[in-house]
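Computation of the quantities below employed the complete heavy-atom set of this structure, encompassing side-chain atoms and omitting hydrogens, waters and symmetry-equivalent molecules.
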Amino acid sequence: MKIESQIQIASATSSFELYPDGSESAALFANGRKVLSIGRIRTGNFDEALGLAEKLRRHMANDTLSAEAESENVIPFGCEYRVKRQWKFAGNTGELTDDIAADNGGKIDDLSLEEIFFAGEAVGVNMLFAGEKEMQKKQISPVIYDGSDLPMAVQVIFADGVRAEFYCGDDLWRHNCAALSPGAVSRHLITAEAGGIRWVRHIFSLPEDAVAEKRPWRFKALFAVAAAADDLPEKADLLIDGCFAAASAHRDFRSFIRKQEENSTPVVRISGENCCEDGSHVSRPGKKVLHGMLGEIFDEYIWSNTVMARKGGSCRIVTDIRGLDGSVIAGNLALVPGKMSFPDREEL
């Protein structure tokens, strides 16, 4: 498998770096300054930072409007836990998919996802929880949040005006599945410390006498730094109201984009609640399964701009989703993505 020493992905105003080993799996930069660090996974007493890198490779996608990479690391202790990551980056926004499994038939009975560190002098912290109408504005104190409920999104505003955000709302149902295992304990701890804001994500731990499932785990998240401000379109060419994770919403969206003429610049407005409980949207028909939709919108943002770029146009997606007013990620989707590059491998 191909292992690169480092991967750099850059847009006009931000850049993203991936590392095969060490305490960081990735870092996000705005105008050359690190604003977000993504750490490593822990399973019980075993830390991925002490593991072995088996893969780190990249490829440009969608006519250079986005870049993708994949990595794979093994924790060579216990059941030999394997961590696979898939990365996407476009329009100052990234997507991370984690797949965690025990190679030798073992069970995962304690799991902490990557620590998130917002680097810089913070002057504001906003948090969004499922079903809330707006983000909570938090006081910056040694302990900003300590609880078992998963924040859908955490946004940090820095003294230099930069805003960064980490979102995991689409995967509320996966987090809830882990947290609701019999005897499970979950904890999210957000603290202010020298140099920034840290989010420790302890997804679950089970008591010693509990029976853990022999199963792999998958978690997805989005992260972003704010792009340059721009005026939002007042009118939209297509309105979609409701959960965008629904198959019907994707069909309507793609049908509309395919019909667009050359050199057109359609605007799509998506409105609704920030969460939905229709399990059919996440392949769980007939069940109430709590999930968001911002990741689904991001994927279609990449697809639609790829299609429109080949027609000499672009697509902007304006979200009117309750609670996401001021969201960094949502704001980026309303802008046209710029071209991506690999500064460390220009020949690609």
Side-chain angles (χ1 to χ4, degrees), residues 9-16 28 30-31 59-68 88-95 153 162-165 167 170 222-274 292-342:
I9 304 170
S11 68
T13 59
S14 68
S15 61
F16 183 54
L28 180 62
N31 299 316
H59 61 93
M60 194 65 74
N62 304 308
D63 297 332
T64 73
L65 289 178
S66 68
E68 299 182 9
K88 294 180 184 179
F89 195 68
N92 295 302
T93 300
E95 180 181 81
V162 172
R163 293 182 298 132
E165 186 172 286
Y167 168 92
D170 284 25
L222 298 178
F223 52 92
V225 62
D230 197 4
D231 293 332
L232 294 180
E234 294 184 2
K235 295 182 179 181
D237 303 292
L238 174 67
L239 301 175
I240 297 178
D241 187 16
C243 181
F244 196 80
S248 58
H250 286 277
R251 285 196 300 268
D252 292 345
F253 180 87
R254 292 202 168 202
S255 176
F256 169 77
I257 294 297
R258 290 189 179 105
K259 294 176 182 177
Q260 296 305 300
E261 298 179 352
E262 298 287 324
N263 302 313
S264 59
T265 56
V267 175
V268 178
R269 184 178 295 275
I270 300 171
S271 61
E273 303 294 328
N274 57 51
M293 67 192 83
L294 206 49
E296 299 273 355
I297 298 173
F298 175 66
D299 289 340
E300 293 290 36
Y301 169 78
I302 294 175
W303 177 84
S304 61
N305 274 288
T306 302
V307 173
M308 293 309 305
R310 292 168 183 167
K311 297 181 178 184
S314 62
C315 177
R316 300 172 69 179
I317 300 179
V318 178
T319 59
D320 187 19
I321 297 172
R322 191 182 299 273
L324 291 178
D325 292 342
S327 163
V328 172
I329 297 166
N332 286 351
L333 300 180
L335 306 177
V336 178
K339 296 287 186 177
M340 309 297 299
S341 66
F342 293 127

Side-chain donor-acceptor contacts of residues 317-327 below 3.5 Å, not counting sequence neighbours, with atom names and distances?
unit_1: Arg322; atom_1: NE; unit_2: Glu273; atom_2: OE1; d: 3.1
unit_1: Arg322; atom_1: NE; unit_2: Glu273; atom_2: OE2; d: 3.1
unit_1: Ser327; atom_1: OG; unit_2: Glu165; atom_2: OE2; d: 2.8
unit_1: Ser327; atom_1: OG; unit_2: Ile329; atom_2: N; d: 3.3
unit_1: Ser327; atom_1: OG; unit_2: Ala330; atom_2: N; d: 3.1

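In terms of heavy-atom proximity, Asn92 sits nearest to Asn332 at O-ND2, 3.4 Å. Scanning all heavy atoms of the two residues, the minimum distance from Ile240 to Leu238 falls at CD1-CD2, 4.0 Å. In this structure, Ala224 and Val328 approach most closely via the heavy-atom pair CB-CG1, 3.8 Å. Heavy-atom minimum distance, Ser11 versus Met340: CB-SD, 4.1 Å. Across all non-hydrogen atoms, the minimal contact from Met293 to Ala245 is CB-N, 4.1 Å. Across all non-hydrogen atoms, the minimal contact from Pro266 to Gln260 is CB-OE1, 3.7 Å.
For the pair Glu296/Glu300, no side-chain contact is recorded, criterion being any heavy-atom separation below 4.5 Å from C-beta on. In this structure, the side chains of Leu294 and Asp170 come closer than 4.5 Å at one or more pairs of heavy atoms. At least one side-chain heavy atom of Met308 sits under 4.5 Å from a side-chain heavy atom of Ile257. By the 4.5 Å heavy-atom criterion applied to side chains, His250 and Phe244 are counted as neighbours. Between Asp237 and Phe256, some side-chain heavy-atom pair lies under the 4.5 Å cut-off. Looking at heavy atoms from C-beta onward, Tyr301 lies in side-chain contact with Pro337 at the 4.5 angstrom threshold. Contact annotation: the side chain of Asp299 approaches that of Lys88 to within less than 4.5 Å [non-hydrogen atoms, C-beta and beyond]. In this structure, the side chains of Leu65 and Lys339 come closer than 4.5 Å at one or more pairs of heavy atoms.
Using the six-membered ring where Trp is involved, Phe89 and Phe223 have ring planes that are parallel, under 30° apart on the 30 and 60° scheme.
The line from CD of Glu95 to OH of Tyr167 is 11.0 Å long, rounded to the nearest 0.5 Å. Distance check: Leu28 CG to Ser15 OG gives 7.5 Å after rounding to the nearest 0.5 Å. Of the inter-residue distances, the one linking Ile297 atom CD1 with Thr93 atom OG1 reads 12.0 Å to the nearest 0.5 angstrom.
Within a 6.0 Å radius of CD in Glu261, other residues, nucleotides and ligands contribute 12 heavy atoms or fewer.
Counting only distance, with no hydrogens or angles, the side chain of Asn305 and the backbone of Cys315 share a donor-acceptor pair below 3.5 Å. Panel note: side chain Lys235, backbone Val267; no donor-acceptor pair is recorded below 3.5 Å.
Using a 3.5 Å distance cut-off with no hydrogens or angles, the side chains of Ser271 and Asp241 do pair a donor with an acceptor.
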